[in-house]
Amino acid sequence: MIEIFDSTDKFPLQKIGKFAGVCWNSPIDDEEKNVRRAKDCIVSGHGRVLEYVDIELCISGYSARAIREYYTHIGGSPTRLQESTRYVNCRTFDFFLPPTVAQSDEGEKIYGETMDFIKKQYERLLECGVSREDAANVLPLGMMTKIVDKRNLRNMINLMNQRLCMRAYSEIRALATEIKSTLCAYSDEWKWVCENLFVPKCDVGGFCTEKNSCGRRPKKI
């Protein structure tokens, strides 16, 4: 689940256009002109001004493994807070069920039994007097977690270009898709940003750069 904090800029294009107008010594009190100026900056590839648009989200319902991949997008000035396994009691936890596991009855049975075993062993460690922060070392990467994430628009565009690619891992691709959908509904300006900028990298260049292409776009020769 994605929750947008109200500290997220509601009108990103107006903000981009206003700040760019200052650089060009142009009037910045006309909203429509600011929006047009912002789109000109974006189309022209002037990305520095995108860094002034803040995106602040609460992300939950995704595994620690997916969030760990999400953390790798550290360009600009993103920061985040994560649910603490030091203080939170993890005797029960939800976990991610990968698609290929769900396709197999036997695979899903083994997967579920493994998670149940980890929960029981975690509880046994607590009963032995082991602290939560130390017992947490046995918890799986597939366990669901929760974070507060802050990043700028330029960084988010790069994240989307990478993680909406069909070669990205299915769970983090689902996370990127949900963020895109949620921001798209935040305002009309965000709808334009999402539809035009939050796209797979092959849509940006018109060709695929992956060694093992999904075939969506031709590979660059």
Side-chain angles (χ1 to χ4, degrees), residues 1-21 28 31-83 96 144-205 216-217:
M1 187 179 78
I2 309 298
E3 178 186 352
I4 302 176
F5 290 116
D6 57 13
S7 48
T8 297
D9 289 309
K10 189 114 183 181
F11 305 105
L13 297 178
Q14 291 181 43
K15 187 173 188 179
I16 291 168
K18 182 180 291 187
F19 286 15
I28 58 173
E31 292 181 359
E32 291 185 7
K33 287 183 178 179
N34 286 336
V35 169
R36 288 199 298 271
R37 188 183 296 119
K39 291 180 180 179
D40 286 342
C41 284
I42 291 167
V43 171
S44 300
H46 300 309
R48 180 63 61 84
V49 74
L50 302 179
E51 295 173 10
Y52 288 91
V53 176
D54 290 324
I55 303 166
E56 299 185 9
L57 309 171
C58 180
I59 301 173
S60 60
Y62 290 89
S63 71
R65 178 185 180 187
I67 295 301
R68 188 174 68 171
E69 288 194 29
Y70 189 79
Y71 281 175
T72 63
H73 295 272
I74 57 174
S77 55
T79 187
R80 74 282 301 176
L81 304 168
Q82 184 167 2
E83 184 177 41
F96 175 64
M144 298 301 191
T145 189
K146 180 187 293 185
I147 67 167
V148 173
D149 180 70
K150 177 179 179 178
R151 63 187 63 239
N152 64 58
L153 178 55
R154 190 178 197 181
N155 180 267
M156 184 64 85
I157 290 170
N158 177 265
L159 186 152
M160 290 292 171
N161 294 162
Q162 298 295 327
R163 299 303 182 170
L164 289 175
C165 171
M166 291 302 295
R167 292 285 301 158
Y169 183 57
S170 59
E171 190 187 8
I172 195 169
R173 190 168 68 247
L175 169 55
T177 300
E178 186 179 1
I179 292 173
K180 176 179 177 177
S181 176
T182 305
L183 285 171
C184 189
Y186 193 47
S187 71
D188 287 341
E189 289 189 21
W190 272 109
K191 186 174 189 293
W192 186 91
V193 168
C194 292
E195 291 179 349
N196 290 276
L197 305 178
F198 290 0
V199 296
K201 59 186 175 181
C202 63
D203 282 359
V204 177
R216 185 171 179 273
R217 293 273 189 174

Just checking [X]: does its [atom1] atom have more than 12 heavy atoms from other residues, nucleotides or ligands closer to it than 6.0 angstrom?
X    : atom1 : answer
E3   : CD    : yes
Y52  : OH    : no
D188 : CG    : no

Just by modelled atom types, is the [Y] backbone N or O under 3.5 Å from a matching donor or acceptor in the [X] side chain?
X    : Y    : answer
T182 : E178 : yes
E171 : S63  : yes
D149 : C58  : no
R151 : H73  : yes

**OP:** Looking only at non-hydrogen atoms, find the nearest pair between R163 and A168 and report the distance.
**Re:**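 Smallest heavy-atom distance, with atoms named: O-CB, 3.5 Å.
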**OP:** Please report the shortest heavy-atom distance between I4 and L183, naming the atom on each side.
**Re:** CD1-CD2, 3.8 Å
Any side-chain heavy atom of [X] within less than 4.5 Å of one from [Y]?
X    : Y    : answer
Y186 : V193 : no
Y62  : T145 : no
L81  : I147 : no
E69  : L175 : no

Subject >> Over-ring placement of R65 relative to Y169, 6.0 Å and 45° cut-offs >> reply: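 Yes, R65 and Y169 form such a contact.
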**OP:** Taking the six-membered ring of F19 (Phe, Tyr or Trp), confirm whether the NZ or CZ of R48 is under 6.0 Å from its centre and within 45° of its axis.
**Re:**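 Relative to the ring axis of F19, which defines the angle, R48 lies outside at least one limit.
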**OP:** Can you measure from CD (E56) to CG (D9) and round to the nearest 0.5 angstrom?
**Re:**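 If I round to the nearest 0.5 Å, the distance is 8.5 Å.
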**OP:** Any chance you could measure Q14, atom CD, to N34, atom CG, to the nearest 0.5 Å?
**Re:**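 So the gap between those two atoms works out to 7.0 Å.
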